[in-house]
Amino acid sequence: MAQDYILRLIEQIALMLAELSRLKASERPARISALALRETGLPLDFVKHSSPEIILQLLESGGGTQHARAILLAELLLQDADLNEAAGKNREATISRAQAQALLAHSIDKLSPEEQLVYRPRLEALTADLTRVARQS
């Protein structure tokens, strides 16, 4: 049962990442926002301008899917950060990365061991990157 859930989650993330690759190639931030709303129930602009605590509270409404939705949202925020950085919007990119880091940090221990192998290094790299940016400011 748990293994089926993990496989469905992995498949859902793979499909979303494939769609994100297509969106990123065409640089369509509005479509990334629509994808965030569809997959997590939260508009991306709202997420970028809300505290991590509020976001996590809203994600709780999904019950057992809170952590999966948090990871999906973190992935979308990282894609948004890449688009903003490419457009020279470094402040917006940093906000998106900080939100993604908070969501990953909150959810990492709730993930399966296999998922943690993927997301722990990403979380560590993201934390180091944000620390470096903070020191430069």
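Using a 4.5 Å heavy-atom threshold, the side chains of E53 and Q57 count as separate. Side-chain atoms of E75 and R122, non-hydrogen and from C-beta on, do get closer than 4.5 Å to each other. Looking at heavy atoms from C-beta onward, K48 lies in side-chain contact with N84 at the 4.5 angstrom threshold. A 4.5 Å side-chain heavy-atom check between L76 and D80 finds every atom pair outside the cut-off. Residues K110 and Q66 are not in side-chain contact: their nearest non-hydrogen atoms beyond the backbone lie 4.5 Å or more apart. Proximity of L44 to I32: side-chain heavy atoms (C-beta onward) are separated by under 4.5 Å at one or more points.
Contact between A74 and L104 at its shortest, heavy atoms only, is CB-CG, 3.8 Å. Between T40 and R69, the shortest heavy-atom contact is O-NH2, 2.6 Å. Listed here is the closest heavy atom pair of A81 and R97: CB-CG, 3.6 Å. Taking both residues in full, the closest heavy atoms of A36 and L73 are given as CB-CD1, 4.4 Å, listed atom of the first, atom of the second, then distance. Closest approach of S107 to I71, counting heavy atoms only: CB-CD1, 4.1 Å.
Put simply, CG on D129 and CD on Q101 are 10.5 Å apart, with the number rounded to the nearest 0.5 Å.
Both I54 and L103 belong to a common hydrophobic cluster when Ile, Leu, Val, Met, Phe, Trp and Tyr are linked at side-chain heavy-atom distances under 4.5 angstrom. Cluster annotation: L126 and I95 are assigned to distinct hydrophobic clusters (Ile/Leu/Val/Met/Phe/Trp/Tyr, side-chain heavy-atom contacts under 4.5 Å, transitive). V47 is connected to L130 through a chain of hydrophobic side-chain contacts under 4.5 Å among Ile, Leu, Val, Met, Phe, Trp and Tyr, so both are in one cluster. V133 is not connected to L123 by any chain of hydrophobic side-chain contacts under 4.5 Å among Ile, Leu, Val, Met, Phe, Trp and Tyr, and they are in different clusters.
For E124, the salt bridge (Lys or Arg N to Asp or Glu O under 4.0 Å) test picks out no residue, with sequence neighbours left out. In terms of the salt bridge (Lys or Arg N to Asp or Glu O under 4.0 Å) criterion, R91 has no residue partners (sequence neighbours excluded).
Checking side-chain atoms of Q99 against main-chain N and O of L77 turns up no donor-acceptor pair under 3.5 Å. Between the side chain of Q116 and the backbone N or O of L111 there is at least one donor-acceptor pair closer than 3.5 Å.
Legend: ring-ring contact (aromatic ring centres under 6.0 Å, His included) pairs involving residues 100-129, not counting sequence neighbours, sorted by first then second residue: H67-H106.
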